[in-house]
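To keep things clear, I will list the structure first and then write my remarks on it.
The structure presented is a predicted model; accordingly, all values stated were derived computationally and were not measured. In what follows, every chain begins at residue 1, and chains take the letters A, B, ... in the order their sequences are listed.
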Amino acid sequence: MPDTLRLERLCSFTHNNAVYWTAFSPDGETLATASLDNTARLWNLSTRELLGTLIGHGDGVAFVGYLADGRIVTASLDQSLKCWPAEGGAALMTFSGHQGYLTCASAARTGTLLASGGFDKTVRLWDAQSNLAVAVLSGHDDTVQCVAINNVGKLVASGSEDHSIRLWDPESKSLLKTITGHAGAIEGLAFSFDDRLLASASADGSVRLWTTAGDPVTVFESKSCRVKSVVFSPNGRWLVSGSSDGTLRVWQPANPRAVLEIPAHKNTIYGVAFSPDGTLFASAGFDRTIHLWSVTSE
Amino acid sequence: MFARQLGIQPMLNLFGSGSRFCDGISRRSLLKIGGLAMGGLSLPDLLRLEAANGRTSHKAVIMVFLSGGPPHQDMVDLKMDARVEIRGEFQPIATNVPGIEICELLPLLAQRMDRMAIIRSLVGSEGRHAAFQCMTGHGVNGQPAGGWPSLGAAVSKIQGSVEPGTLPFVGLAPRMKNAPWGDPGQAGFAGQAHSPFAPNAEQARLGLTDISVESLRNRRLLLDEIDGLKREAEKRGALVGLESQYQAAFGILTSNKLIDALDLNQEDPRVRDRYGRGSTENAGYGDAGPLMNDYLLAARRLVEAGARVVTLAYGRWDWHGRPHGTNFENARDHLPVFDQGLSALLDDLRDRGLEKDVSVIAWGEFGRTPVINKNGGRDHWPQVACALLAGGGMRMGQVIGSTNRLGEHPKERPVHFQEVFATLYRCLGIDVGRTMLPDVSGRPQYLVDPINEPLPELI
């Protein structure tokens with residue numbers, strides 16, 4: 001069975017400051033990027049031109065994502081999240097409540113659930129349908145650095161400077177499990193597309209795989225510095241991480257060593273994403289750059 | 001004043017107000033560029049002053065203000081024997097001067113160490129987030145009547161213009177959210193006539209704020225308008241009978257030298273590429289100077305066009321850590337650009353025979369904490385900082401001073417900001433031990449406290 005991933009760089013986009021996140025639209029036609037320059041930008045993947053800029057946040061934008069209906073969600077260090085029309089323009093709604101920098105967010109692939117975390121050590125849930133705050137989930141002992149909602153919108157994972165991962169039930173708004181094992185801050189989290197696995201990236205230099213029940217599966221040691229970002233390929237065969245040394249590493253569940261290492265950025269890679277059909281990949285870095293890659297396997 | 005006798009507005013607005021250029025800039029605001037930036041009816045005053053002063057050889061200073069306080073221990077004073085919480089992420093590299101090492105992110109400067117001097121023990125910072133101390137050598141508190149003049153203002157007052165039609169003091173800092181970082185150097189008791197010509201801080205965009213093709217096209221139109229204005233003035237005889245200072249002042253405003261110096265489109269693109277060009281966007285969150293290497297090139301061009309002091313605010317170095325990026329992420333962002341730009345400037349000055357006349361200094365308002373905070377940042381550390389100097393006929397290829405093992409405080413040869421200023425004034429041909437300027441109360445003031453002398457290591 002062919003199982004070698006190839007990434008070929010197609011083009012690059014830039015912001016005026018570090019790029020913190022990137023996401024493909026559900027139809028795969030647009031790439032959204034979030035930056036410390038206080039904006040999010042939308043890029044047409046056919047023409048590779050800038051479609052628009054989302055302006056309205058008062059500090060760096062840490063996250064941009066899409067809801068199933070095509071609306072765009074941004075989250076900013078200014079402690080707010082905003083929803084925008086798919087084509088850009090003025091913000092439709094704003095969520096606020098965090099009592100410190102908002103550092104991370106996630107949008108459910110199905111439904112309208114949003115999650116965010118930040119310096120106030122809380123995970124907050126929001127409903128992009130009703131425009132209401134749903135829950136404030138407390139328990140982490142330090143800054144929440146990353147958060148992820150699984151694909152069916154029934155499980156929320158959060159990672160913190162306190163070295164722990166916490167799994168939350170968004171319906172009961174309760175803690176399901178605290179996962180330990182990393183020796184450093186949790187910097188990135190991602191669910192597999194079949195919702196069976198959770199990957200965590202850590203400042204301890206490792207990427208770990210867990211079942212969504214919180215049981216350990218695999219440890220990938222990158223022997224690099226901080227691993228900042230992680231994502232599964234849609235087919236579940238690969239895991240790609242981005243590190244503070246600017247390197248992309250491709251992992252396979254059965255292999256403890258990276259099967260591919262690409263020096264991709266001149267600075268920390270904050271965001272990684274696959275297109276819904278798995279044919280494109282994007283990486284976003286503190287070097288103000290987003291690289292778009294074609295994905296092939298053999 | 002003569003202008004009023006002619007029934008025209010001051011500020012050399014020869015044809016009254018209301019007329020606007022194609023990009024919405026009024027003639028008045030255009031003419032303000034030279035005038036208001038220099039404090040009202042300043043150019044004639046300046047030229048009178050120039051006439052009253054003897055000429056000196058054209059020594060100059062280019063001051064690169066690293067807004068926010070650069071991390072000395074991650075640039076030129078790496079502490080590899082310290083524990084990891086202090087040491088940081090970078091490795092030292094050898095320079096072309098045996099025994100001197102600097103950060104691995106400054107490889108181009110490392111190869112030019114023989115043409116630089118590093119001060120590792122800069123002290124006396126008042127710990128204020130502002131350009132003021134780097135521009136004046138003094139703290140904000142306890143200023144004499146009228147306030148301390150910046151280096152450029154004092155030099156403008158003492159030495160005047162290099163020749164008619166040139167400006168002695170230019171500040172390239174743009175407007176920024178944190179105004180104290182955008183201070184290009186105040187006039188203080190030198191008088192508003194000696195404020196910097198500040199093309200990027202004015203609303204009128206004669207300067208370098210936009211380097212897009214469109215803006216260049218507009219600026220070309222703007223320059224065409226200036227030419228038209230000049231022709232119209234000559235045709236109407238509006239300049240006839242004006243005081244010679246006014247004619248000269250008008251000459252500055254319409255001076256090809258000045259405009260050419262600011263028009264980097266006239267520079268060989270290969271030279272701009274060597275500098276690295278850079279971004280016109282204010283760095284950080286719009287609150288600090290842009291990481292704009294074109295401005296370093298513009299500084300050289302302005303010196304060649306007669307400027308004695310050119311200041312610029314460069315980048316945002318206030319790296320407290322996440323969520324705005326760790327100290328090290330920001331260093332990886334800034335240092336390579338700074339390395340390229342400053343190296344190109346040093347090469348350019350040497351290649352154009354300016355190295356002995358033009359002093360270059362790059363520094364910030366303070367250093368940063370030895371201990372890396374929990375967010376991967378370093379906080380303010382006024383106890384010690386660093387400075388990079390070059391050119392000016394100074395003795396290069398050396399490190400002055402040292403810090404203790406953890407980079408907390410000077411171990412050898414503490415150097416005060418004012419000693420650096422005494423050195424820069426000396427390079428400009430001004431003896432701070434003998435030169436005094438009256439403050440607005442008429443009391444004579446030394447430019448720096450007389451206890452401070454030029455650094456003997458450099459002179």
Side-chain angles (χ1 to χ4, degrees), chain A residues 14-21 34-39 55 57-63 75-79 98 100-105 117-120 141-146 160-162 184-185 187 203 224-226 228 243-246 265-270 285-289, chain B residues 68 74 84-85 87-91 104-107 174 176-178 209-212 276-292 315-340 372-377:
Chain A
T14 60
H15 270 269
N16 293 324
N17 209 329
V19 191
Y20 271 11
W21 201 265
S35 170
L36 202 47
D37 68 9
N38 298 6
T39 73
I55 298 172
H57 281 297
D59 202 339
V61 184
F63 168 83
S76 166
L77 307 182
D78 71 6
Q79 307 180 20
H98 275 288
Y101 287 123
L102 190 166
T103 58
C104 55
F119 270 53
D120 63 5
D141 296 322
D142 209 331
T143 298
V144 179
Q145 289 286 7
C146 49
S160 165
E161 284 280 338
D162 67 11
E187 303 277 0
S224 80
C225 21
R226 197 160 50 109
K228 180 64 189 170
S243 296
S244 59
D245 62 359
H265 287 265
K266 295 175 182 172
N267 216 326
T268 303
I269 300 172
Y270 268 67
F286 203 87
D287 59 2
R288 309 172 183 222
T289 303
Chain B
D74 297 312
V84 68
E85 293 84 358
R87 189 171 65 236
E89 297 181 3
F90 305 135
Q91 296 295 314
E104 62 183 322
L105 296 177
L106 301 170
M176 53 188 83
K177 285 181 189 169
N178 185 16
T209 49
D210 292 296
I211 306 294
S212 67
R277 297 178 186 249
S279 168
T280 56
E281 295 286 329
N282 282 354
Y285 330 113
D287 57 352
L291 206 57
M292 182 60 167
R316 188 186 200 281
W317 304 74
D318 190 26
W319 302 334
H320 290 283
R322 285 170 290 185
H324 295 103
T326 67
N327 173 80
F328 306 98
E329 287 169 340
N330 280 290
R332 287 191 187 92
D333 182 68
H334 272 47
L335 290 183
V337 184
F338 174 70
D339 186 47
Q340 181 178 359
I372 301 160
N373 67 29
K374 71 182 286 285
N375 293 318

(message) One thing to verify: whether A:E161 and B:R322 come together as a salt bridge, which I'm taking to mean a side-chain N less than 4.0 angstrom from a carboxylate O.
(response)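 Between A:E161 and B:R322 there is a salt bridge, with a charged N closer than 4.0 Å to a carboxylate O.
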(message) For B:E329, is there an ion pair with A:K266 - N to carboxylate O distance below 4.0 angstrom?
(response)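 No.
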(request) Could you look at B:N375 and say if it's the side chain, the backbone, both or neither that has a heavy atom under 4.5 Å from chain A? (result)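 Side chain only.
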What part of [X] lies closer than 4.5 angstrom to a heavy atom of chain B: side chain, backbone, both or neither?
X	value
A:L77	side chain
A:F286	both
A:N17	side chain

(request) Write down the atom of A:N267, the atom of B:D333, and the distance for their closest heavy-atom approach. (result)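 Looks like ND2-N, 3.6 Å.
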(message) Could you report the tightest heavy-atom contact between A:T103 and B:P323, atom names first, then the distance?
(response)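 Result for this residue pair: CG2-CB, 4.1 Å.
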(request) Quick one: list whatever passes ring pair (Phe, Tyr, Trp, His ring centres under 6.0 Å) with A:Y20, sequence neighbours left out. (result)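 Partners of A:Y20 under the ring pair (Phe, Tyr, Trp, His ring centres under 6.0 Å) test: A:Y270.
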(message) Can you list everything that forms a ring pair (Phe, Tyr, Trp, His ring centres under 6.0 Å) with A:H15? Sequence neighbours excluded, please.
(response)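 Partners of A:H15 under the ring pair (Phe, Tyr, Trp, His ring centres under 6.0 Å) test: none.
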(request) Give the member of A:T143, A:D287, A:D142 that has the highest number of heavy-atom pairs under 4.5 Å with chain B. (result)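 So the answer, after comparing A:T143, A:D287, A:D142, is A:D142.
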(message) Quick check for you: among B:H324, B:R332, B:E89, which has the greatest number of heavy-atom pairs under 4.5 Å with chain A?
(response)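 So the answer, after comparing B:H324, B:R332, B:E89, is B:H324.
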